[in-house]
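Scroll down for the structure; my scribbles are underneath it.
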Amino acid sequence: MAVYRPPEGRVSNPHVPLGERRDGPFYGKSIISVRQFSREDLDYVFGVAREMREMVSRIGSFDLLKGKILANLFYEPSTRTASSFYAAMERLGGSVIPINEVHYSSVSKGESLPDTIRTLECYADAIVLRHPQVGAAAQAVEVAKKPIINAGDGVGEHPTQALLDLFTVSSELERVDGLTITMLGDLKFGRTVHSLARLLALYDVRINFVSPDILRMPRELVAELEAHEVTLTEHDRLEPVLAETDVLYVTRVQKERFEDPAVYESVRGCYVITPETLRGAKERMIVMHPLPRVGEIAMAVDDDPRAAYFRQMENGMYVRMAVLAMVLGKA
Ligand code: NCD
């Protein structure tokens, strides 16, 4: 079975306020990559997320993080990630400094990322960062004394998305080991599949990558997975692997990452999942998508009980509540 040895997480806040738990595995730590997580860590995160789901359905919000402040710093567009972190913090009784449109902040005056981080950590207890450059979150950690949570660094990683994706798989299908996961679409530029594939390497799964030739999973990542003995195959058509698939993870072609619009045009709309497609799929399987979708899944699929993407999106808030509670020391 594939086993990852997670590197030590970074402890970036040595000053523990009185009354907070210091023994949680993520207390005061930045979350930069899924490589920081072991299977035991994931069980822990998912256990807390389930408790959060239960608490929200029973009482809506509660004061676990009362008095804590989160800075939401987004250099790229976001609907779900930004608003689910915001809602997660508010439901835990904390508050948020939202910088969703950096053009209205001093970034537009030319302020550097390190200076912006140094500023926000004076006011906030943790910073959620989305940035177009690979490695931006790791760069922020170098200067930050408070935890940084990577909410997407260019085509690099999107660790909290992978956590909510895996939480969704295990909630929907009640296991991860033994499943066949098929990732479809833009595997080159899609950061969500980069993080999810790495997390899946901790389990005994089969992974199929389906993409146009120019959007294949990066070779280094395939080599990394193979080094961990992940069983994987690569295809350019969905048909050969659809019938065996338990989780069909569909992605958007990442238009904003293409240098040449003509190349984007050559691959846009390369796969479209329709009710007709799902006739060839198992009765008990799920279709996931990190969203936004721009035509990869026809709206007619939404009524199929196998369409799990809206439930997946809802899970994002519970998982981010768990992450915030753990990082800020109250889980
Ligand atoms: C994804 C992202 O930003 O990487 N969206 C998200 O966070 N739910 C996927 C995408 O933009 O295609």
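This chain uses plain numbering: 1 for the first residue, then up along the sequence. Whatever order the structure lists ligands and atoms in, that order sets their numbers, starting from 1.
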Side-chain donor-acceptor pair present, E234, N208, cut-off under 3.5 Å: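 On atom types as modelled, these side chains do not qualify, holding no pair under 3.5 Å.
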is_close_aromatic(F258, F189), centroid dist under 6.0 Å: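 That pair passes the under 6.0 Å test.
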Check: F37 ring centre within less than 6.0 Å of F26 ring centre: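 Yes, ring centres under 6.0 Å apart.
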Donor-acceptor contact below 3.5 Å, side chain E90 vs main chain A88: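 Here the side-chain-to-backbone pair does not exist.
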Passing option when R306 is tested against D302, D303, D304 for salt bridge (charged side-chain N to carboxylate O under 4.0 Å, His left out):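 Passing option: D304.
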Check against salt bridge (charged side-chain N to carboxylate O under 4.0 Å, His left out), E224 and R219: CA-CA 9 Å; E224 191 181 323; R219 293 302 90 190; over 6 Å; no
Within the protein, residues bringing a heavy atom under 4.0 Å of ligand 1, chain by chain: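 These residues qualify: T81, R130, H158, Q161, R191, T192, R252, Q254, P290, L291, P292.
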